[in-house]
Amino acid sequence: MPTDDNQLLWTPSSADIDASRMMEFARFAGARAGETFDTFEALHAWSVTDIPAFWSSVWHYFDVKGEKGEALAEHLDHMPGASFFPQARLNFAENLLSQTGDDDAIIFRGEDKVETRLSWDDLHALVSRLQQAMRAMGIGPGDRVAAMMPNMPETVALMLAATSIGAIWSSCSPDFGERGVTDRFGQIEPKLFIACDGYWYNGKEQDVSAKLVPIEAALAPELTLIIPYLGKADSVAGALKNATTLAQFIEAFAPQAVTFERLPFAHPLYILFSSGTTGVPKCIIHSAGGILLQHLKEHGLHCGIRSGERLFYFTTCGWMMWNWLVSGLAVGATLCLYDGSPFHPDGNVLFDYAAAERFSVFGTSAKFIDAVRKADLAPGRDHDLSALRLLTSTGSPLSPEGFSFVYEGIKNDLHLASISGGTDICACFVLGVPTKPVWRGEIQGPGLGMATDVWNDDGEPVVGEKGELICHKPFPSMPIGFWNDKDGAKYHEAYFDRFDNVWCHGDFAERTEHGGFIIHGRSDATLNPGGVRIGTAEIYNIVEQMPEIAEAICIGQDFDGDVRVVLFVRMAAGQTLSEDLEKSIRSRIRQGASPRHVPAKIVAVGDIPRTKSGKITELAVRDVVHGRPVKNKEALANPQALDLFADLPELSS
């Protein structure tokens with residue numbers, strides 16, 4: 001397959017377009033509006049023009065359970081300040097638990113150690129018992145339930161039980177350190193704290209008992225609930241001051257019909273946390289109705305998921321993609337959960353899972369795709385992926401080479417959807433469009449109902465030019481606000497200070513001639529040599545294709561009255577950074593990007609720091625290089641890597 005840019009990689013057939021849920025919805029919404037939407041572009045234009053009618057159509061198309069009320073939206077000229085369905089009453093969990101029966105609701109693999117599955121009836125029964133136990137301990141609307149858990153079926157059931165009674169759910173993964181957990185959950189004061197008795201990673205048992213003692217002391221919940229995974233729940237709970245096991249928690253309660261507390265559309269559902277590498281993590285509050293409608297739209301229309309299809313996303317409970325994944329239940333999908341290393345025992349493990357369970361949708365990170373490519377794996381050759389129709393990628397920009405590899409090495413006739421959004425909205429600004437072609441290196445288009453654009457510094461929309469990713473009209477999954485931010489000042493500063501009454505997301509982006517988008521990196525991590533803004537992703541897309549380089553991270557260093565580009569590289573096994581290789585790196589960057597992208601310094605390092613969700617941390621590295629403290633190392637999966645960037649003699653001249 002050629003590797004030139006502006007390359008068409010996939011085109012949906014006219015039959016597939018006509019049969020898609022996107023066009024089915026276009027006909028449904030058009031009939032309601034008295035209009036005809038023959039293309040995605042026409043549908044999108046209407047969705048951001050008649051915003052109340054669009055979201056009302058989403059409600060009815062997906063048959064949302066609840067009372068919608070007469071008012072569809074208020075204060076749509078205010079960002080923040082707009083509200084959707086102000087008279088509505090609904091329950092998030094009720095809409096995720098609409099299915100019953102013996103079909104699989106959840107399938108789970110914990111590396112090669114655990115395999116389980118729950119039917120819809122099994123899931124209802126477990127949620128019922130958990131719900132009764134939570135109610136018995138006095139949990140009700142607005143109480144916080146916080147979990148340090150693996151991505152396993154019990155975690156989903158616990159979330160559903162908590163939200164069924166109006167409690168607010170928050171989670172992180174069990175690899176978080178003591179301070180990482182307390183910095184997050186300590187702010188929201190959970191009534192119930194949930195933890196596992198350990199977890200598997202890379203084939204080894206990972207103990208959590210030592211950190212649970214100080215975490216319990218710091219959070220002081222009414223109860224700590226220990227969920228069995230390693231078979232050690234009794235001993236782990238016994239070592240804590242006020243803990244019980246799952247078996248003890250629900251033993252007095254027999255399964256019965258789950259009941260649901262219907263609450264206002266804007267009732268808090270989730271508290272998600274920013275990465276926290278520049279200070280204590282922000283506590284972002286999301287609404288039940290906003291998340292439900294956004295995820296129904298994204299799963300049902302942009303991903304085209306139908307009832308009974310297998311939905312997989314490789315994620316932990318510390319990443320918003322877990323919250324996104326579990327909403328797949330609302331469109332009747334079977335959730336395929338995986339917890340552990342995606343490379344144990346080797347890089348085929350997730351594709352083994354995909355083939356065995358016949359995934360329809362496979363979601364992962366751009367870094368995973370690149371790692372599979374660099375490992376010279378050929379999943380499409382070695383696995384039966386005939387059921388796979390959609391592969392989604394997020395976490396960081398997927399390189400053009402990554403786009404090509406998906407079609408060359410995984411499957412040549414699937415829909416590849418690079419997506420981008422964030423914890424801030426627990427959804428996507430730009431994502432896949434099943435009725436449009438896939439162009440190499442480009443995200444296909446904006447989300448329906450999302451007035452997404454790219455603006456220059458003067459607040460003018462631009463095409464083919466880099467600028468700020470913005471959304472200039474309200475949408476339902478805008479956060480309710482931040483926890484402990486009573487006057488909303490921190491919330492306003494985070495998104496609305498740059499452009500008045502406009503959400504500025506903090507991504508350095510570009511609109512393409514095809515109506516798609518390219519994300520060039522975070523705005524706060526852009527480089528500014530000579531006052532010209534450069535996206536770091538442009539450099540990574542070139543350097544990380546070189547077989548000698550395993551990974552790279554790039555920053556701007558203040559030096560001699562300007563900013564110079566510094567590139568750090570982690571070498572592939574057996575490789576060294578020679579003078580010739582440095583010349584080759586610079587030459588490739590100059591030819592593939594521009595002379596301004598060429599690093600002034602290239603330095604080899606043994607490791608690159610990343611967050612728990614796998615994102616490299618340019619800002620933290622920049623702080624270390626400049627001798628500034630990193631405020632929250634607990635947010636990092638490998639904080640010791642920061643030491644490799646301190647006081648480097650190569651950067652003193």
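For the single chain, residues carry numbers from 1 onward in sequence order.
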I would like to know whether S119 and D121 meet side-chain hydrogen bond (donor to acceptor under 3.5 Å, both in side chains); could you show each step before the answer?
CA-CA 5 Å; S119 69; D121 285 350; 5.4 Å; no
What closest approach, in Å, do I106 and P153 show between heavy atoms, and which atom pair accounts for it?
CG2-CG, 3.9 Å
Do the side chain of T394 and the main chain of I419 share a donor and acceptor less than 3.5 angstrom apart?
yes
Roughly how far apart are L398 CG and S418 OG, rounded to 0.5 Å?
5.5 Å
Measure from the side-chain N and O atoms of S477 to the backbone N and O of I425, and report whether any donor-acceptor pair falls under 3.5 Å.
yes
Is any side-chain heavy atom of T452 closer than 4.5 Å to one of H44?
no
For Y313, the option from Y338, W322, W324 that meets ring-ring contact (aromatic ring centres under 6.0 Å, His included)
W324
Has D102 got more than 12 heavy atoms of other residues, nucleotides or ligands less than 6.0 Å from its CG?
no
Atom pairs and distances, side-chain donor-acceptor, residues 364-372, under 3.5 Å, sequence neighbours left out:
residue	atom	partner	partner atom	Å
S365	OG	F368	N	3.0
K367	NZ	E544	OE2	3.4
D370	OD1	R373	NE	3.2
D370	OD1	R373	NH2	2.7

Side-chain (H286) to main-chain (T423) donor-acceptor, under 3.5 angstrom
yes
Write out all pairs satisfying salt bridge (charged side-chain N to carboxylate O under 4.0 Å, His left out) with one or both partners inside residues 504-519, taking only residues at least two apart or from two chains.
D453-R511, D507-R522
Angle between ring planes, F312 versus F359, binned at 30° and 60°: parallel, tilted or perpendicular?
parallel
Got a second to check how far S20's OG is from F25's CZ, nearest 0.5 Å?
12.0 Å
Check for a donor-acceptor pair, side chain of E298 on one end and backbone N or O of C428 on the other, with a separation under 3.5 Å.
yes
Using every non-hydrogen atom in the two residues, find where A552 and I616 come nearest and quote the distance to one decimal.
O-CD1, 3.8 Å
Show your working on side-chain hydrogen bond (donor to acceptor under 3.5 Å, both in side chains) between Q444 and H415 and close with a plain yes or no.
CA-CA 11 Å; Q444 287 175 286; H415 177 200; 2.6 Å; yes
Using modelled atom types only, decide if a donor and an acceptor are shared between the side chain of H520 and the backbone of E538 within a distance under 3.5 Å.
no
Decide yes or no for R610 and E551: does some side-chain heavy atom of the first lie under 4.5 Å from some side-chain heavy atom of the second?
yes
Which heavy atom of C426 sits nearest a heavy atom of I291, and at what distance?
CB-CD1, 3.5 Å
Is there a donor-acceptor pair closer than 3.5 Å between any side-chain N or O of N91 and the backbone N or O of T163?
yes
Heavy-atom pair of closest approach, residues T536 and C554
CG2-O, 3.8 Å
By ring-ring contact (aromatic ring centres under 6.0 Å, His included), H514 pairs with (sequence neighbours left out) W439
Considering all heavy atoms, the nearest N501-M79 contact:
OD1-N, 2.8 Å
I'd like to know if the side chain of E442 and the backbone of V438 have a donor-acceptor N/O pair within less than 3.5 Å.
no
Is there a donor-acceptor pair under 3.5 Å between the side chain of K374 and the backbone N or O of I549?
yes
Criterion side chain to side chain contact (heavy atoms under 4.5 Å, CB included) on S396 and K615, from CA distance to verdict:
CA-CA 7 Å; S396 58; K615 299 178 183 179; 5.7 Å; no
Decide side chain to side chain contact (heavy atoms under 4.5 Å, CB included) for W169 and T155; before the verdict, give the C-alpha distance in whole Å, the side-chain angles of both, and the deciding distance to 0.1 Å.
CA-CA 11 Å; W169 175 265; T155 315; 4.0 Å; yes
In terms of side-chain geometry, is the basic nitrogen of R117 or D103 positioned less than 4.0 Å from the acidic oxygen of its partner?
no
Find out whether F84 and P474 are in side-chain contact, i.e. whether some heavy atom of one side chain is under 4.5 Å from a heavy atom of the other.
yes
For I410 and P379, work out which heavy atoms get closest and say how close.
CG1-CG, 4.2 Å
Pairwise side-chain contact, L329 with L123, heavy-atom cut-off 4.5 Å (strictly under)
yes
Test Y270 against M159 for side chain to side chain contact (heavy atoms under 4.5 Å, CB included), laying out the working first.
CA-CA 10 Å; Y270 292 140; M159 180 278 291; 3.7 Å; yes
Assess whether side chain to side chain contact (heavy atoms under 4.5 Å, CB included) is satisfied between L43 and W46, documenting all intermediate values.
CA-CA 5 Å; L43 180 62; W46 170 75; 4.0 Å; yes
Give, for atom NZ of K297 and atom CZ of F54, the distance between the pair rounded to the nearest 0.5 Å.
5.5 Å
Please examine the side chains of L76 and P52, heavy atoms only from C-beta on, and report whether any two atoms are closer than 4.5 Å.
yes
Aromatic plane relationship, W59 with F85 - under 30° parallel, 30 to 60° tilted, over 60° perpendicular:
tilted
Quick check against the 3.5 Å criterion: does R440 have a side-chain atom that pairs as donor or acceptor with the backbone of S404?
no
Evaluate the salt bridge (charged side-chain N to carboxylate O under 4.0 Å, His left out) criterion for residues R306 and E24: first the C-alpha distance (whole Å), next the side-chain angles of each, then the deciding distance (0.1 Å), finally the verdict.
CA-CA 12 Å; R306 295 185 184 272; E24 184 181 279; 3.6 Å; yes
Going from CG on D384 to CZ on F351, what distance comes out if it is rounded to the nearest 0.5 angstrom?
13.5 Å
Nearest-0.5 Å distance that lies between atom OG in S393 and atom CZ in F314:
13.0 Å
Heavy-atom check, side chain of V156 versus side chain of L337, under 4.5 Å:
yes
Just so I know, are the side chains of I305 and S360 near enough to count as touching, which here means a heavy-atom distance under 4.5 Å?
no
So, do R389 and V361 sit near enough that their side-chain heavy atoms are less than 4.5 Å apart?
yes
Any donor and acceptor pair, going by atom type alone, linking the side chain of N95 with main-chain N or O of K65 inside 3.5 Å?
yes
Enter the distance from E115:CD to E357:CD here, rounded to the nearest 0.5 Å.
7.5 Å
F429 and H505 aromatic ring geometry - parallel, tilted or perpendicular at 30°/60° bounds:
perpendicular
